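For reference, the structure discussed in these notes is given below.
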Amino acid sequence: MHELYTVLAEYYDAIYRRRVERVSREIDFVEELFQKEAEREVKKVLDLACGTGIPTLELARRGYQVIGLDLHEEMLAVARRKAGAEGLNIEFVQEDALEIGFEEEFDAVTMFFSSIMYFDDSTIQELFNSVKRAIRPGGVFIADFPCWFYGGSDGPIVWDERKGDERLVITDWRKVEPAFQKLHFKRLVQILKPDGSVKAFMVDDELNIYTPREMRLLAEKHFRKVKIYGDGHELRPNDRRYWLVTVK
Ligand SMILES: C[S@@+](CC[C@H](N)C(=O)[O-])C[C@H]1O[C@@H](n2cnc3c(N)ncnc32)[C@H](O)[C@@H]1O
C-alpha cells in the first residue's frame with residue numbers, strides 16, 4: 001500500500017500546497033509546448049497519474065477536454081469531488097498507466113510532477129508504448145522530472161502546513177544512490193488535531209533517477225521527435241527540473 005496516495009490522499013493537496021499555488025504557471029508553459037511542439041491542435045488531453053487532479057483541473061478550466069487516469073482510487077475520489085465542486089466535466093478512470101485502454105484518442109498525454117520516476121528501465125519502455133497507443137499521430141507526450149543532483153538532503157527537511165483546523169508536520173529524508181540511480185524517499189506525516197491528539201504516518205518510496213540525456217535516448221526509441229526543455233524555457237545548464245516533450 002502506498003500511504004501517500006491512499007490513507008493520506010485527503011491530505012495530498014495540503015502537503016503540496018506550494019505546488020497547488022504554482023500550477024497555473026506550469027500549465028502556461030504546457031500550453032506553450034502544445035503550441036510549439038504538437039503537430040495537431042490540442043483539444044483532448046489524457047492526464048496520466050493525475051492524482052488529486054491539481055493539473056487536470058487547471059487544464060479543464062482552460063477549456064481542454066480532459067480525462068484523468070490514476071492507479072489509486074483514493075486519489076481519484078478527491079479529484080472527482082474537487083471537479084464537481086467547480087462544475088468541471090472531467091472523466092476520471094482508475095487504471096495502470098502501463099495498460100491504457102485508449103487507442104489514438106488524444107492530442108496530448110501529460111504526466112506531471114515526477115510521476116514518470118515510478119517507472120524503471122524496463123517499465124518505462126512499456127509506458128512509452130502504452131502512451132504512444134493512446135496518442136493520435138502528431139500528438140504530444142509531456143512529462144516533467146527533477147535533476148538528481150538536487151534530489152538528496154543531508155539531514156531531514158521539516159515543514160508544516162494546515163488543512164482546516166488540523167496542523168500537519170512533515171519530515172522528509174531523501175537519499176540519492178547515484179550508482180543505482182535511485183532516490184529513496186522517507187516521509188513522516190504527523191496530523192495534529194485541535195483536541196491535542198496526533199496521527200502519524202510513515203511513507204517509504206523508491207523512485208528512478210533519469211538524466212536528460214537518458215530520458216531523451218529512451219524516448220527516441222518510441223517517438224518521432226523528442227526534446228528536453230528546462231523549467232519554463234529551453235534547457236539551461238543548472239535547471240533543477242526537466243520537461244520531456246515527444247511527438248508521435
Ligand atoms: C507525485 S503524484 C503526482 C500526481 C499529479 N500528477 C500531480 O501533478 O499532482 C504521483 C501519482 O502517480 C500515481 N501512479 C503511480 N504509479 C502509477 C501507475 N502505474 N499508473 C497510474 N498512476 C500511477 C500515484 O497514484 C499518484 O497519484
Side-chain angles (χ1 to χ4, degrees), residues 1-30 33 45-62 64 66-83 90-102 106 108-131 133-134 141-146 151 161 170 172 174 182-187 189 201 203-210 231 241-244:
M1 182 172 76
H2 198 301
E3 287 79 1
L4 190 58
Y5 307 137
T6 53
V7 284
L8 287 168
E10 292 289 339
Y11 294 93
Y12 183 89
D13 286 17
I15 293 169
Y16 288 115
R17 178 186 53 81
R18 279 173 281 186
R19 164 156 167 66
V20 176
E21 287 172 2
R22 68 166 194 263
V23 75
S24 162
R25 253 183 301 140
E26 252 176 56
I27 302 300
D28 286 347
F29 180 50
V30 171
L33 296 173
V45 182
L46 174 65
D47 187 27
L48 280 186
C50 67
T52 60
I54 298 167
T56 333
L57 266 68
E58 185 60 22
L59 285 163
R61 284 182 202 117
R62 297 180 187 212
Y64 295 96
V66 193
I67 295 182
L69 180 154
D70 200 277
L71 196 55
H72 291 102
E73 193 51 56
E74 293 87 341
M75 297 294 270
L76 294 170
V78 177
R80 280 191 198 102
R81 197 181 59 227
K82 284 164 51 184
I90 306 174
E91 188 188 336
F92 288 101
V93 292
Q94 192 270 321
E95 214 163 65
D96 190 321
L98 298 179
E99 293 163 11
I100 305 172
F102 298 100
F106 300 94
V109 174
T110 52
M111 192 172 217
F112 294 109
F113 206 40
S114 312
S115 305
I116 200 163
M117 294 174 83
Y118 280 110
F119 301 88
D120 64 17
D121 308 11
S122 94
T123 53
I124 202 164
Q125 309 273 0
E126 287 177 49
L127 175 74
F128 287 143
N129 274 326
S130 178
V131 166
R133 259 198 317 275
F141 172 51
I142 299 179
D144 61 312
F145 58 105
E161 295 291 353
I170 304 133
D172 273 8
R174 300 173 197 169
K182 298 281 182 192
L183 171 65
H184 278 280
F185 171 92
K186 275 191 182 186
R187 169 172 292 171
V189 180
F201 297 89
V203 178
D204 207 326
D205 217 347
E206 188 182 83
L207 297 160
N208 298 280
I209 288 168
Y210 291 97
D231 206 9
R241 183 160 285 277
Y242 310 119
W243 290 76
L244 166 71

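Read the numbers this way: they start at 1 and go in the same order the structure lists the ligands and their atoms. This is a predicted model, so every value here is computed, not measured. Counting from 1, the numbers follow the sequence of the chain as shown.
- For Tyr210 and Tyr242, the ring centers sit 6.0 Å or farther from each other.
- Relative orientation of the Phe106 and Phe102 rings is perpendicular, given thresholds of 30° and 60° on the angle between their planes.
- Counting all heavy atoms, side chain and backbone alike, Ala134 lies closest to Leu46 at CB-CD2, 4.4 Å.
- Enumerated by chain and number, the residues approaching ligand 1 to less than 4.0 Å through a heavy atom are Tyr5, Tyr12, Arg19, Ala49, Cys50, Gly51, Ile54, Pro55, Asp70, Leu71, His72, Met75, Glu95, Asp96, Ala97, Phe112, Phe113, Ser115, Tyr118, Phe119.
- Between the side chains of Tyr118 and Asp205, a donor-acceptor pair is found at a separation under 3.5 Å.
- Using cut-offs of 30° and 60° for the angle between ring planes, the Tyr5 and Tyr12 rings count as tilted.
- Residues Ser114 and Arg241 have side chains that bring a donor and an acceptor to within less than 3.5 angstrom of each other.
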